[in-house]
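Chain naming here is simple, since letters A, B, ... match the order of the sequence lines and numbering starts at 1 in each. Side-chain atoms are counted along with the backbone in the values below, which use heavy atoms only and exclude waters and symmetry mates.
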Amino acid sequence: MLEKTYSPADVEGRLYDKWEKSGAFAADPASNANPYVIMMPPPNVTGSLHMGHALTFTLQDILVRYNRMSGKDTLWQPGTDHAGIATQMVVERQLGEQNITRHDLGREKFIEKVWEWKEKSGGTITNQLRRLGASPDWPRERFTMDDGLSAAVRKVFVTLYKQGLIYRDKRLVNWDPKLLTAISDLEVVQKEVKGHYWHFKYPIEGKEGQFITVATTRPETMLGDTGVAVHPEDERYQNLIGQYCILPIVGRRIKIVADEYADPEKGSGAVKITPAHDFNDFEVGKRNDLEKINIMDDHARINDEAPEEYRGLDRFKARELIVAKMEELGLLEKIEDTVHMVPYGDRSNVVIEPYLTDQWFVNAEVLAKPATEAVEDGRIKFVPKNWENTYFEWMRNIQPWCISRQLWWGHRIPAWFGPDGEIFVEETEEEALATAKAHFGKDVELTQETDVLDTWFSSALWPFSTLGWPDKTPELNKYYPGDVLVTGFDIIFFWVARMIMMGMHFMDGEVPFKDVYIHALVRDEHGQKMSKSKGNVIDPLELIDEYGCDALRLTLTALAAQGRDIKLAASRVEGYRNFATKLWNAARFAEMNECKPVDGFNPANVNSTLARWIVGKTAEAAKTVASGIESYRFNDAANGAYQFVWGTFCDWYLELAKPVLMGQDEEAKAEIRAVTAWVLDQILLILHPIMPYITEELWEKSADNRATLLMSQAYPKFNDTLIDRAAEDEIDLAIRLIGNIRGVRSEMNVPPAAEVPIYLVDASDAMKAAVSAQEAQVKRLARVAAVEFKGQGDVATIAKGAIQTVVDGVTVFVSVADFIDVAAEKSRLEKEIDGKNKYIKGQEGKLSNEIFVSRAPEHIVATEKAKLEEARDTLAKLQEAHARIAAM
RNA sequence: GGGCCUAUAGCUCAGUUGGUUAGAGCGUUCGCUUGACAUGCGAGAGGUCACAAGUUCGAGUCUUGUUAGGCCCA
């Protein structure tokens, strides 16, 4: 006997172990089945499960479980990425507790420590994924620093280098002066900050007392100024173009150049140019041949290029001193308050410095071209489609991708420098030495590049590196390209774009996946982004503990409508937990009534109307849920299942089945038992991708000996011939009748316990047959003592003490005797008559409009006419009823 | 400044190609220890579909504009 409520904590761990040990998660390259492949975007190895993960992995798991049940050879490739900066920071922090820095250890020892950390703590997120019920092929789990994946990284690097698509260059990069590494544009967050515009006067060379005024938000960079730019058409400065001014404090002679970058509307219209410390100035400097002077070291302290008194100072300290000095020199014209954007590192949260260094770059423009085309011509589809714009926007303006990082943890760049700085790029040191020997004509000593690669460089290879590339493995052959990439929009640039570029370049132009499903962001119930600092983070594991994994999964699925963020409140999860309880109790009811699956049961062969009706509804529900999942309309799938289970199966079918199950007709009882068990099984199958635990548990418990796991069963797919219109008509009529009776009873305050007779006047033979067939059900559910059919002649007698309602044009007298309140019944009928009248007026207006009748499609006109007729019919009956009441 | 998105019941949201009297969950009101379930059952109230104009026989749905909010990029 099932317990009264479902207790997730007791089953989840056990079932997960059972699944995992059974091997049911595994792909089978040797099978003949068509593949279905999702490459799990590898979470950060330092990460722990947050709500965004819960959503993305729930949706992926739904797709995977559904396709696996649908007979596909399914590969869901799990793994984690090595998260260069994040992981290095974690381990450094740990060392810091013992007052050790990574420099104390040295590179090799430090990396050993990182691996130790990974072995010990790197499994956190994958274990949390198990708690979510995720079903990837765990034995195939990969890590971006694996030997195999590292070999792929080297191969890709060397290939791109030899193709001229990777190069080393001295360019401005985003430099993180705390982490001491370059970071990508995408790891920089622009923050609005209150600051100042300092207006400095630079003396014009040879013109005593003449100045040109420039405004800056970063006074300290003036130490690196090598020019002043004015707009070429700015009349104020025409005579100064080509002249020089003398940079105060430094004393350098710098040129005044004409460049359209200078905005005549802004400040004085003249702008100081620091090519080595500003991205825009870098371009201006290039156009005007200005010198690039780097005035900082990698900690963003002023270096030896600057006058002595500033050397070694932090950039912000230098700022103060320079402003003070300018003021002292009488060259500070004014200070304005302003609000401007300042770049911060998303990991370190310090101000990022545009910094001139040697770095390695990928020529992304070349790789982006085919990757853009693949989306343009539909080989890759974004769902929802509008994200394609975001993708195009970025791809068409793509910048060189800086892939080197000044870290220790990561793939060390396979480049070696000869004694003269000559670069040798090879997959191994031996090859590099050999190439160098050929180059120099003798053995030389090489030193390897100390930089490592951006983590995204290796994760971009994930769709093929995990399958064994560059080896031509059976997996690579079968599982590339994948079916869909599921991710959030914030990762389109990091992941999607780069995976497409790399995939197409190294897999003969073949795309890495056909669909990209972009899901929402999970926010708190007020629509705020969840963040630790706001304290509004909801921990998915806590929700799982409290409400069960299935409740969380169903909640996220039901809320995952396309194109809208998810606002999550615990109360929603509670509601869906109640759904799990409901399902549990339906199964419990079935168990109590001995509804057990019958071998060889064929839903097409059931006889009773009720059975035929629920079989048809089940077929419809299976279709709704399946097509929801297939079209990535997860909310439709969840709501369709919810509606069916609660609104149809529990609220109506089980209630209608009760008279049979409690009755004496053994043959009818046997059929209802069999069909109930069958429907319940279908429900478990239909719901399994969304709610894997409770369904598996009920599957196990609702029959004596299940041969296989639910998760390995075939997903239900039915023929529409199972839908029986006649059965639908009969049951729907019964439902309408019961609904109407309940409605008027409740409105007229008839005590719920009172069982009262009803009379149907002038019912058609068909209606009589249907109502008679469902009499027991109507009696039970509408609390009716007896159902009788009467003619017009009986009306006078039965009207007494009756309230009246009209169902399908037939007046139903609900004989409530003493409970009747004539005045209330009269006004109730008047209200109903009013409503009908209003509707009829509208319909008449529509149908008397000749243009509507002539232009609207025939079937629309026909249905509108039919609706009008029906309303008129009902109105007439209601008016008669009202007249009778009024006469009392 | 450029781009994208959103505005429907008190709240959170569905509403795929225009066509029933616009739906759900939560909340709320009334009533119920009805033999699976009070994590429940039954019945109700609650909407000028942001605003304006247009296209159309017909607009929550399409077009344009306005307002408000959000996100991305500069």
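- Ranked by how close their nearest RNA chain B nucleotide is to the 5' end, A/Asn389 and A/Ala558 are led by A/Asn389.
- Taking the ring axis of A/Phe649 as reference, the NZ or CZ atom of A/Lys582 does not stay both within 45° of it and closer than 6.0 Å to the ring centre.
- Between A/Glu844 and A/Lys841, none of the side-chain N atoms (NZ, or NE/NH1/NH2) sits under 4.0 Å from a carboxylate O, so this pair counts as no salt bridge.
- Under the 4.0 Å criterion applied to side-chain N and carboxylate O atoms, A/Arg828 and A/Glu832 are assigned as salt-bridge partners.
- Using P as the reference atom, B/rA59 and B/rA53 are 13 Å apart when rounded to the nearest Å.
- RNA chain B is contacted by both A/Arg742 and A/Lys831; A/Arg742 maps to the nucleotide lying nearer its 5′ end (nearest heavy atom per residue).
- A/Glu594 and A/Lys669 are not joined by a salt bridge, as no carboxylate oxygen comes within less than 4.0 angstrom of a charged side-chain nitrogen.
- Annotation: B/rC5 and B/rA24 have their P atoms spaced 29 Å apart (nearest Å).
- Aromatic ring centroids of A/Tyr576 and A/Tyr642 lie under 6.0 Å apart.
- Taking side-chain N and O atoms only, A/Gln190 has no distance below 4.0 Å to OP1 or OP2 of B/rC73.
- B/rG40 atom P lies 12 Å from atom CZ of A/Phe579, rounded to whole Å.
- The distance from atom CG of A/Leu2 to atom C1' of B/rU39 is 16 Å, rounded to the nearest whole Å.
- Figure legend. B/rA7 is base-paired to B/rU67; pairs are counted as Watson-Crick or G-U wobble with both atom distances under 3.5 Å.
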Sugar-phosphate or base contact per nucleotide [nucleotides 25-38 of chain B; S, B, -; heavy atom under 4.0 Å]: ------S---BBBS
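- A salt bridge is defined here as a Lys NZ or Arg NE, NH1 or NH2 lying under 4.0 Å from an Asp or Glu carboxylate O, and A/Arg872 with A/Glu869 meets this definition.
- Across all strands shown, A/Pro857 has heavy atoms under 4.0 Å from base atoms, whether or not it also approaches the sugar-phosphate.
- Residue A/Glu388 contributes atom CD, which lies 19 Å from atom P of B/rC73 at whole-angstrom precision.
- For the segment residues 832-842 of chain A, the set of residues with a heavy atom within less than 4.0 Å of an atom of RNA chain B comprises A/Lys836, A/Tyr839, in numerical order.
- In this structure, B/rA43 and B/rU29 make a Watson-Crick or G-U wobble pair, each of the two defining distances being under 3.5 angstrom.
- When the C1' atom is compared between B/rG25 and B/rG1, the two are found 42 Å apart, to the nearest whole Å.
- Spacing between atom CG of A/Leu554 and atom P of B/rU39 amounts to 19 Å, rounded to whole angstrom units.
- Taking the C1' atoms as reference points, B/rA7 lies 36 Å from B/rG40, given to the whole Å.
- Taking atom CG of A/Asn639 as the reference point, atom P of B/rA14 lies 10 Å away to the nearest angstrom.
- Here ring pair (Phe, Tyr, Trp, His ring centres under 6.0 Å) pairs that include residues 826-866 of chain A, with residues two or more places apart or in two chains, number zero.
- Aromatic ring centres of A/Trp584 and A/Tyr6 lie closer together than 6.0 Å.
- Here the separation of B/rA50 from B/rG10, taken at their P atoms, is 13 Å to the nearest Å.
- The separation between A/Trp387 atom CH2 and B/rC5 atom P is 9 Å, rounded to whole Å.
- For the pairing with A/Thr557, the side chain to side chain contact (heavy atoms under 4.5 Å, CB included) check across A/Leu55, A/Asn635, A/Ile62 returns one residue only, A/Ile62.
- Nucleic acid contact class of A/Gln843 (heavy atoms, under 4.0 Å, all strands): sugar-phosphate only.
- Note: CD (A/Glu870) to P (B/rU21) measures 12 Å, nearest angstrom.
- The neighbour count for A/Glu630 CD, taken as heavy atoms of other residues, nucleotides or ligands under 6.0 Å away, is above 12.
- Across the protein-nucleic acid pair, A/Arg396 atom CZ and B/rC73 atom P stand 18 Å apart, rounded to whole Å.
- Salt bridge A/Glu620/A/Lys623: absent, no basic N to carboxylate O contact under 4.0 Å.
- Between B/rG18 and B/rU61, the distance separating the two C1' atoms is 6 Å to the nearest Å.
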